[in-house]
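Working notes, structure below.
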Protein chains: 2
Amino acid sequence: MELTDRQKQILRAIVDIYVSTAEPVGSKAIAALPDMKFSSATIRNEMADLTQMGLLEQPHTSAGRIPSPAGYRLYIDELMQDYRLSLDETRSLNEALELKSQEFDKMMSQVGKLVSKMTNLPAYTVATRQSEAVARHFDLIMTAPGSIILVLMLSGDVVKNKLVKLPVQVTEPELKLLAAVLNASLTDLTAEEITGELLDKITRSAGAAAPLVPLVVDFTLECLRQQHGDVHLTGQMRLLGQPEYRDAAEKAQEVFETLDEEMISNLPAVLPKEGPVQFLVGPENVAKELKDTSVVMMRFDIGDGMQGTIGVVGPTRMDYAKITAKLGYFAENLGRMFQKSNPAMPPALSDGESNP
Amino acid sequence: MELTDRQKQILRAIVDIYVSTAEPVGSKAIAALPDMKFSSATIRNEMADLTQMGLLEQPHTSAGRIPSPAGYRLYIDELMQDYRLSLDETRSLNEALELKSQEFDKMMSQVGKLVSKMTNLPAYTVATRQSEAVARHFDLIMTAPGSIILVLMLSGDVVKNKLVKLPVQVTEPELKLLAAVLNASLTDLTAEEITGELLDKITRSAGAAAPLVPLVVDFTLECLRQQHGDVHLTGQMRLLGQPEYRDAAEKAQEVFETLDEEMISNLPAVLPKEGPVQFLVGPENVAKELKDTSVVMMRFDIGDGMQGTIGVVGPTRMDYAKITAKLGYFAENLGRMFQKSNPAMPPALSDGESNP
DNA sequence: ATTAGCACTCAGAAAGAAAGAGTGCTAAGC
DNA sequence: GCTTAGCACTCTTTCTTTCTGAGTGCTAAT
């Protein structure tokens, strides 16, 4: 059953208003809108129809209407109008984007904090591997007699390190030898390509440092098999700024007990559609604790087989258009930053007028 | 004015009860305590005195008493009795302590999560340098033509890395040369010992890779000068589990707006006393937003010039004894783990009764 | 010095009353 | 036949009022 233009217009108006007020919207408020040419009575009739269709809900008889999850979904898929960032908003986004370029993980975490701040909602970031990971470089550095640090560089410019306590005494040259062997034989291989045979060969070539091989290899395999980087979730408290959680601290707590890091990294699996922006609206989340919670996700390109995801968590009544616009801006610029690698530069924009 | 034994006993009882019930404590409840040999009337008199002295407060005339900040302070300093961890508690702490040994930062963050979970309160961890940092090892790894990763190992087994976009074309051997030069001349020096002269010398020796030198050195100096590692703050939401914040989401939000990472790393500066455990009780926090919030901090040894701090954030009415006991257990075992380096092992403890 | 007894206070719960926003329906208008 | 004005009705919200009970502080007795 197709909606008439008028119905669409009304539904859109209801979502728009409800999103910003968090109060049920009455027919009068709609009728008062500048480009609404009908009386409140007509609108009441249409609202009754939309409720019938399951796109609106009524908290109680004498209240206005609020969008149902289906209503939000329709709004997102068809009705939502691009939100244009104001100059002020663009400017503060740009300022924020001046991240210090640093370790990858720290950057991701900083991006999360930024997004959370700019949207005033909890946000997360994850990096996900697109292609099979391979090791690019091994390094073994002795820190004290008996302990070394293993530095492992993977595709995607990911650097991992681990402090290893040595099972045997090893000298510097022996360590160098092992590193050379590892770099010669274990780089550019995916986890599957690292066979037992190969390991035997490496162990034989490793000389005195042979007992170290399994330690190094296990760590390497573990790293190679990791599909996701760390999940950086921040700004949880900002959920409390939303009226629906203001006096429902318990609910807010539940949300983040459910939406832990594991769940977040599995989110893409339950997505209804593909695309760079994705929405999980209220009950589309499987967990019942999240039935009033929505997530907006945006992908961005990191390059070298990695992909980043930024997500924003909020009440079902959230400003999808605005959040999408802001996330989009982030994604675009982050993609650019990461691809060009450092130095990180937000798009050139002389932050006043530019001279002729 | 010294307290009588009976007054001490009553004050201690009030804190103990209030801490666990979060309700004002009446004279009757105290009198009902097994080892309380006096009638409620007597206790009422003593309570009036204690109130006079500023150690107790009365939310309103017809309510019981609650400890004042000064009361808590006295309790902490003199009255608090060691909380004995139950076998169950020890066991779950031990289970929790089986951290996967991994990157330092990740471990610290995991410790924070753990402490937060075990105390059911927000927690943070920081690593602080005790002695001057020096670089231990440099590594330059080419990831793609035009970009390299700089891996820097510092004292304290801290590994930093940074993706560097090259200003000039450099070949592998040139990179190797630079790394060798850096390792030869820049290691084991504190930030102050790295002089302009020295840098000139390095630049001259660096050959084609000379333009890279300032990039590397700047990053190195930045790392060396960092007094604190990252602050890992987690479990903020758990503050909402506390009755005083249950219906005061706003207050909880304020707490963490104020208690940001910067403030946390400066906390030690405002401490009233020295020692491995430290308490910041309610209004002893300078920020007025934190006047109902306490922090318990515990130091632990990491070795190699580094020191860790675990902190727990809670309402002023928090179970100082229990938290202290748990933190102490963590600190002790973490200290042991970090010093021995990996593999991380919680103390051997046959998790039942030990045989004679 | 301690305690029983009692009048008094005051927050919080429960119950009732009033206000107001918004609906659905009916009947009139274009 | 679609649209709209009018109106009775519903139901939340808010404000009062009343009631209850825990707890105190004081006085007088032990």
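These figures come from a predicted structure and were not determined experimentally. Letters A, B, ... mirror the listed sequences (proteins, then strands); counts begin at 1.
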### Query
Looking at DNA chain D, which of residues 240-248 of chain A put a heavy atom within less than 4.0 Å of it?
none
### Task
Measure from NZ on Lys28(A) to C1' on dT4(D) and round the result to the nearest Å.
14 Å
Without placing hydrogens or testing angles, list every side-chain donor-acceptor pair under 3.5 Å for residues 9-16 of chain B, not counting sequence neighbours.
residue: Gln9(B); atom: NE2; partner: Asp35(B); partner atom: O; Å: 3.0
residue: Arg12(B); atom: NE; partner: Leu79(B); partner atom: O; Å: 3.0
residue: Asp16(B); atom: OD1; partner: Tyr75(B); partner atom: OH; Å: 2.7

### Task
Report, as yes or no, whether the 6.0 Å neighbourhood of atom CZ on Arg6(B) holds more than 12 heavy atoms from other residues, nucleotides or ligands.
yes
### Message
The criterion is salt bridge (Lys or Arg N to Asp or Glu O under 4.0 Å); which residues satisfy it with Asp260(A), sequence neighbours excluded?
### Response
none
### Query
For the pair made of CG in Asp5(B) and C1' in dA1(C), what is the distance, rounded to whole Å?
17 Å
### Task
Would you mind reading off the distance between Glu23(B) atom CD and dA11(C) atom P, rounded to a whole angstrom?
15 Å
### Summary
Heavy atoms of Val313(A) and Met318(A) approach each other most closely as C-CE, 4.3 Å
### Message
If you compare all heavy atoms of Ala321(B) against all heavy atoms of Gln81(B), which two are closest, and at what distance to 0.1 Å?
### Response
CB-O, 3.7 Å
### Query
Once you round it to whole Å, what is the distance between C1' of dG23(D) and CD1 of Ile17(B)?
15 Å
### Message
If the condition is side chain to side chain donor-acceptor pair (under 3.5 Å), which residues does Tyr72(A) pass it with, not counting sequence neighbours?
### Response
none
### Message
My understanding is that only residues two or more places apart in sequence, or in another chain, count here; which of them pass side chain to side chain donor-acceptor pair (under 3.5 Å) with Glu89(B)?
### Response
Tyr83(B), Ser86(B)
### Task
Please name all residues satisfying side chain to side chain donor-acceptor pair (under 3.5 Å) with Arg317(A), sequence neighbours left out, ordered by chain then number.
Gln242(A), Glu244(A)
### Query
Under 4.0 Å between a Lys/Arg side-chain N and an Asp/Glu carboxylate O for Arg238(A) and Glu257(B)?
no
### Task
Only counting residues at least two apart or in another chain, list the ones meeting salt bridge (Lys or Arg N to Asp or Glu O under 4.0 Å) with Asp5(B).
none
### Task
Answer yes or no: are there more than 12 heavy-atom neighbours, outside Glu250(A) itself, under 6.0 Å from its atom CD?
no
Pair up each side-chain donor or acceptor in residues 56-67 of chain A with any protein partner under 3.5 Å, not counting sequence neighbours, and list the distances.
residue: Gln58(A); atom: NE2; partner: Thr61(A); partner atom: O; Å: 3.1
residue: Arg65(A); atom: NE; partner: Thr51(A); partner atom: OG1; Å: 2.8
residue: Arg65(A); atom: NH2; partner: Thr51(A); partner atom: OG1; Å: 3.3

### Selection: residues 31-50 of chain B, any non-hydrogen atom under 4.0 Å of DNA chain D
Arg44(B), Met47(B)
## Note on the structure
Residues passing the side-chain contact (heavy atoms from CB on, under 4.5 Å) test with Glu261(B), sequence neighbours excluded, are Lys113(A), Val231(B)
### Task
Within residues 57-69 of chain A, find the residues that approach DNA chain D with a heavy atom at under 4.0 Å, and present them sorted by residue number.
His60(A), Thr61(A), Ser62(A)
### Query
Near DNA chain C, which residues from residues 9-16 of chain A have a heavy atom under 4.0 Å away?
none
